[in-house]
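Let me begin by presenting the structure, written as structure tokens, before commenting on it.
What you see is a predicted model, and the numbers here were worked out from it, not measured in a lab. Both ligands and their constituent atoms are indexed starting at 1 by order of listing. All residue numbers in this chain count up from 1 along the given sequence.
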Amino acid sequence: MPIMDPMSTRGPTLGSFVAVLVALAVFASCASWQTAARTEQWTLYAERALTSEETRQYVQSIEPARAAVADALGPFESRVSLYVWEDGDAGPVARSSSAQLNEGGTGAVQEVPGIGPARVRAFHARTKTFFGPSSGIYLGAPETGTAAHELVHARIAEENLNLPLWLEEGLANVLGDGYQEGERWVVDGLSCWPLRELTEARITDAEFVRLLALSAEDSSDVRENVLAHFVGWAIVFDLYRESGKLDWRAWVERYGRGIDPSEARMRMQRTLTPAALESWLERLKDAQPAVRVATAKGLWKLRSLIAVEALLDAIEREKDPLARVAFAINLLASAGEMRLPENLQRRMWRQAWPTLRRAELDDPREQKAIEELFATFRWGSRSNPRAPLEALRRFWAE
Ligand SMILES: [Zn+2]
């Protein structure tokens, strides 16, 4: 079940805490879950009848995520239960060690001290007591990356592993980062929110040692929990770059009982160097367009000139129309995050304008969104790019 600490003086108020305990008790005894979709590999439950469009969206995000996680971590031994989670109360769930948080946004938002607002998107429950939600994955939205992240927890629970939190979350974050091409989840692994935050964060040695020692079973405050996700990603990303593959069994063997803090620090620092980013950005030249898009997606979060210049070089040589759209959107989003030097701004507009104007996307809703997005950048336009960008999430959201 989600890890909670009722004695904590931080985080949500006692009132909301009690409310969620009640909600969880209702979860446990609740007979109202209905089967929304079922395959040989997983079942999706919801508390209300989903529309066929909602069901389609969930199925199309869960199945590619399941396939990618099984591919990386081995096939699932039994059918996975997933629940459409519309409860929306973030507080205590956010402190569940397996909760997946995303930066900002709307919905169940939680303030993370020193980091800013975060939103709980999903969580995985390993039920140990009667008073817990049924074990499985609780999804707040049909998002493939989120589903992949939580499926990593489900797969590790199947193996009965009790890993350090950093290792489990690191694996989940790497596999949860990617781009969906049709039915395929193309894993990238460069997770831009933790990269940016860790570059700025000051983590003392004492705090670092404490983060490394957390297990998925421990309760921790929100900041610790979020930092353990970040640090775990940075260490696993370094291991991933070093081995050139997701050699998770070897890592579990080596670090399943802990990691030497100086090695952990060294690996994290290596992930945070500009050289690591530069070498990863070489993937913008990969032969597969989906890998190029997966690399570009989310780079705007870094507020990094290295990333912007790499995107500009990439869009200037890109022939694939879909990849061009993805690069243009991430460039525009970068310009919204930071002040670009004038020469880079000029280069950006020279590429972004014609790309948006000529874009032809298969999905009519995305096509409409891109036309609206183009219109918002017209001289004198008063429309807001937020709505069209929302419809184009798969190109930039991470
Ligand atoms: Zn997680």
Side-chain angles (χ1 to χ4, degrees), residues 1-4 61-62 65-66 68-69 72-73 76 80-83 85 90-103 105 108 110 112 115 118-127 132-133 135-141 143-159 161-178 185 187-195 197-198 211-212 214-237 239-240 246 248 251-252 255-256 298 397-398:
M1 65 175 285
I3 310 302
M4 294 182 282
S61 60
I62 294 167
R66 197 243 3 122
V69 171
L73 306 184
F76 284 86
V80 183
S81 297
L82 301 106
Y83 300 84
W85 173 54
V93 179
R95 291 186 291 147
S96 149
S97 297
S98 68
Q100 201 212 351
L101 296 158
N102 267 55
E103 185 181 20
Q110 173 108 14
V112 185
I115 291 171
R119 178 166 48 143
V120 182
R121 305 188 71 82
F123 66 99
H124 174 256
R126 271 197 202 196
T127 298
S135 69
I137 291 169
Y138 291 77
L139 291 175
E143 292 166 344
T144 313
T146 302
H149 179 113
E150 299 304 333
L151 282 159
V152 170
H153 291 304
R155 181 72 193 92
I156 283 170
E158 268 192 352
E159 296 262 327
L161 293 168
N162 187 12
L163 300 180
L165 185 58
W166 70 264
L167 181 52
E168 185 164 333
E169 292 302 341
L171 289 168
N173 271 18
V174 165
L175 285 167
D177 180 79
W185 179 241
V187 172
D188 177 53
L190 182 79
S191 201
C192 294
W193 184 34
L195 178 53
E197 289 297 330
L198 287 174
L211 293 175
L212 295 174
L214 288 174
S215 96
E217 307 285 296
D218 293 333
S219 53
S220 54
D221 67 47
V222 179
R223 179 181 152 85
E224 268 195 342
N225 188 270
V226 170
L227 281 179
H229 278 71
F230 288 180
V231 166
W233 167 77
I235 299 169
V236 171
F237 186 69
L239 291 165
Y240 183 40
L246 204 90
W248 74 289
W251 304 337
V252 166
Y255 305 113
E398 199 183 281

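Put simply, the side chain of Ile156 reaches to within 4.5 Å of the side chain of Arg126, judged on heavy atoms. In this structure, the side chains of His229 and Asn225 come closer than 4.5 Å at one or more pairs of heavy atoms.
With rounding to the nearest 0.5 Å, the separation of CG in Leu163 from NE2 in His153 is 10.5 Å.
Shortest distance from the Zn ion (ligand 1) to Glu169 is reached at OE1 (N/O/S atoms only).
For His149, the nearest N, O or S atom to the Zn ion (ligand 1) falls under 2.8 Å. The nearest N, O or S atom of His153 is closer to the Zn ion (ligand 1) than 2.8 Å. Among the atoms of Glu150, no N, O or S atom falls under 2.8 Å of the Zn ion (ligand 1).
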Notebook entry, point to check: Between Phe237 and Trp233, is a ring pair (Phe, Tyr, Trp, His ring centres under 6.0 Å) present by the stated rule, with each step listed?
Noted result: CA-CA 6 Å; Phe237 186 69; Trp233 167 77; 5.1 Å; yes

